4 protein chains.
Amino acid sequence: MTARKASANHKNQIFEQARQLIRLQGYHHTSIADIAKGCGLSKASIYHHISEKKDLIKIALQSVKAFFKENCFDLIYDKQLPDQKKIDLLFDTLEQYLKEYHGGCLVHNLVHELADSQPEFRDLFQDYFSMWLEGITHILQKAHPDETARTLAEDTVAQLSGAIMMDRLYDTNRYVQRVRTVLVARVLQRETLIVA
Amino acid sequence: MTARKASANHKNQIFEQARQLIRLQGYHHTSIADIAKGCGLSKASIYHHISEKKDLIKIALQSVKAFFKENCFDLIYDKQLPDQKKIDLLFDTLEQYLKEYHGGCLVHNLVHELADSQPEFRDLFQDYFSMWLEGITHILQKAHPDETARTLAEDTVAQLSGAIMMDRLYDTNRYVQRVRTVLVARVLQRETLIVA
Amino acid sequence: MTARKASANHKNQIFEQARQLIRLQGYHHTSIADIAKGCGLSKASIYHHISEKKDLIKIALQSVKAFFKENCFDLIYDKQLPDQKKIDLLFDTLEQYLKEYHGGCLVHNLVHELADSQPEFRDLFQDYFSMWLEGITHILQKAHPDETARTLAEDTVAQLSGAIMMDRLYDTNRYVQRVRTVLVARVLQRETLIVA
Amino acid sequence: MTARKASANHKNQIFEQARQLIRLQGYHHTSIADIAKGCGLSKASIYHHISEKKDLIKIALQSVKAFFKENCFDLIYDKQLPDQKKIDLLFDTLEQYLKEYHGGCLVHNLVHELADSQPEFRDLFQDYFSMWLEGITHILQKAHPDETARTLAEDTVAQLSGAIMMDRLYDTNRYVQRVRTVLVARVLQRETLIVA
DNA sequence: TATGAATGAGTTTTCATTCAT
DNA sequence: AATGAATGAAAACTCATTCAT
């Protein structure tokens, strides 16, 4: 049991290191040696848990998706939950995620780095953003007709993506805060001049 | 003269190749050899025009900034020009830039790839976005008080950044179109439910 | 008993896989992992049956030697058996061996790959060819004086070795067939003696 | 000029080292590092002259083929040259080649090592042996009808291939000498024809 | 300017082998 | 006997950079 745990820990450590380093440095600028060093393992050991470096991308993307799925999107479709609470859930989780490590969101970073040169990951990226688009569309559907809700969700997701980048660049959190404010206003249909 | 022109051409060719390749593949995934091959030059020749690879980042960023400065932001502060024309100028230039090559905007790609690992470029990135923020704030100042204009400009720039990424990922241009629509509405103070 | 059998089976499986893979891919190009995968075992398990990779060479060579010893050379010295039958025995066994898997004869392949870099196996190789040389010399001794018989046997073994290679390269069996034809002729003395 | 010569020398040194080491150790057991060390160059420098390791196989095979073509097969079709001289030319060249370095003939070694795992080189191997087969057939055509000449040439080439291996294994040259003797006898028709 | 050649350091990946379980 | 995990060493190959010509 100790052994099983220990080995599982190494596996998780590797994936966790990969996640962090790729988020901070990008995929191509993160070497297997970096990850190994970060785990106190040898390079060769890494290949006991993956079969090629690209596997780490998949695993990292899936883990970020799972994080938001479990913490937000699995809860958001609950009819009982008031819209405000849903938005809080979303943004509180996001803020926790962004605060935990610096370097913005791994998914956004990777989209820019890999979207064209590694088309095989497109589906994973689209999956991720579909989850956000559908979740936010759902939240907006009480206040708006379907098509409007979808369009506003797209605006929101775009703004959120850019906001994460801007916050990273200017080392603030005001851009993401604004997305929250705007989304709340949209739910409350108080959209005219949304300034806090 | 022929020689001077030829060398200037090589210089431009190199910078142009760098711009394109870095935009498509990212900085770390683009090698000096790639750029040299793309220009029909040898690797060593590249170093007659730059002193290290990083120079290419600077040059590329400056050229994108110059492109938008000359084509938009130098014209936008003209009191004669109606707001609608200014917005058209902005988005037409942007669309032209995005259409010219695929791969989204070089600046956004690089922000994500380099923001943390190469802090020396932060200023350049911030410069670039300041230009956009100030330009759009200016456009919004006729319709809104200063602080509101600034806030809405930040929303707009964030949304635009995310929109470029989303359009790249889904191979459309609808996200950026929406930013234009929303900005027009904001200028016209018709913000309630902005759906085309 | 079940256990003993099972392990013996694994042992044989490993040696059989090694034989096949080394014959096809060469010694250095066949990894312990390849052999393990071919047996459905783990790499570590291989080391319960050998102490280092080189052991597999020895075992493979011995098994090929044993195959021809049991099927030909143990029977060939029987005074009762007519020469023609002996030759049939030899070449039928050889053809069966060559047909069973492609990739020529393991021994010949290994001689070329290892002869100089691993002098420790020289004796094994020489043993193997001595068996052939003596066997064929014996067959020729009825029709020729001892020294002539030996010389013709050497010619035959050389031609046979080259024929196996040529057949492999051109994917035929005509070269080996010719060796059989020539040997029969030599036994029947239907060939003016070519001896210096 | 000095520079051109120097660089050409490095290139030749690399190919020469590759030829020698591959002949002695086999392709898979010869590393780029081995070759680099043998030339006093860095590993990276090797890649200035080849684009992948496999290139060395091609170059080595071509150089051996060129050696025998220039020294034998370009001369052998001369009607003036007596058959005995042609055979001398062939075997003197071969002996020189075999003596120059130990380790038998590079082509034979590679056939065994690569024939199946690297089918892309089959053509090169076949080319090489075709040169020999046609040359020896030509020599035998004065003394024998075409088809017989061809068959005897095939016997001769097979025997020669095996003889090179046997000589290497037993560190003699008697096996190859026998091939010369037998071929002379065949040209002089001092051998009852062995054709099926 | 331009380039062929060279290279140290680094990249991903493989390998034979060991060992605790 | 079997194996998952680990690893030092080495494999092939790449890269940014330098320099003599």
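In what follows, every heavy atom counts, from backbone to side chain, and hydrogens, waters and symmetry copies are set aside. Owing to the predicted nature of the structure, the values given are computational and were not obtained by experimental measurement. Quick note on labels: first sequence line is chain A, next is B, and so on, each numbered from 1.
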Asker: Just the rounded figure in Å: distance from C1' of dC15(F) to NE2 of His29(A).
Answerer: 12 Å
Asker: Under a 3.5 Å cut-off for both distances, is dT18(F) Watson-Crick or wobble paired, and to whom?
Answerer: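 dA5(E) is the nucleotide pairing with dT18(F).
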Asker: Once you round it to whole Å, what is the distance between P of dC15(F) and CD1 of Ile35(B)?
Answerer: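 Atom-to-atom, Ile35(B) to dC15(F), this comes out as 11 Å.
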Asker: What's the CD1-C1' distance between Ile32(D) and dT11(E), to the nearest Å?
Answerer: 16 Å
Asker: Please classify the nucleic acid contact of Ser31(A) as base, sugar-phosphate, or nothing, using heavy-atom distances under 4.0 Å.
Answerer: sugar-phosphate
Asker: Round to a whole Å and report the spacing from CD1 of Ile57(A) to P of dT12(E).
Answerer: 11 Å
Asker: Report yes if the side chains of Asp34(B) and Gln25(B) come closer than 4.5 Å at any heavy-atom pair, otherwise no.
Answerer: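 They are in side-chain contact.
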Asker: Just N and O in the side chain of His49(A): are any of them under 4.0 Å from OP1 or OP2 of dA5(F)?
Answerer: no
Asker: Both His48(B) and Ala44(D) contact DNA chain E. Taking the nearest nucleotide for each, which residue is further toward the 5' end?
Answerer: His48(B)
Asker: Pair His112(A), His112(B) - check ring pair (Phe, Tyr, Trp, His ring centres under 6.0 Å), show working.
Answerer: CA-CA 7 Å; His112(A) 283 94; His112(B) 282 95; 4.1 Å; yes
Asker: Picking from dA16(E), dT17(F), dC13(F), which would you name as closest to the side chain of Tyr47(D)?
Answerer: dC13(F)
Asker: Would you tell me if any nitrogen or oxygen in the side chain of Ser45(B) comes within less than 4.0 Å of OP1 or OP2 on dT1(E)?
Answerer: no
Asker: How are the rings of His108(B) and Tyr128(B) set to each other: parallel, tilted or perpendicular (split at 30° and 60°)?
Answerer: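 It falls in the perpendicular class, over 60°.
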Asker: Go nucleotide by nucleotide along DNA chain F from the 5' end; which of Ile14(A) and Leu41(C) gets its closest nucleotide reached first?
Answerer: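 Here Leu41(C) is the residue nearer the 5' end.
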Asker: My understanding is that a pair needs two contacts under 3.5 Å, Watson-Crick or G-U wobble. By that rule, which nucleotide pairs with dT11(E)?
Answerer: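 Per the H-bond distance test, dA12(F).
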Asker: Nearest nucleotide by nearest heavy atom, which residue falls closer to the 5' end of DNA chain F, Lys43(D) or Lys53(B)?
Answerer: Lys43(D)
Asker: Decide, yes or no, whether a salt bridge links Arg168(C) with Asp116(D) under the criterion of side-chain N to carboxylate O below 4.0 Å.
Answerer: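 Salt bridge flag = yes for Asp116(D) with Arg168(C).
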Asker: Determine: side-chain N/O of His10(B) to OP1/OP2 of dA2(E), distance under 4.0 Å, yes or no.
Answerer: yes
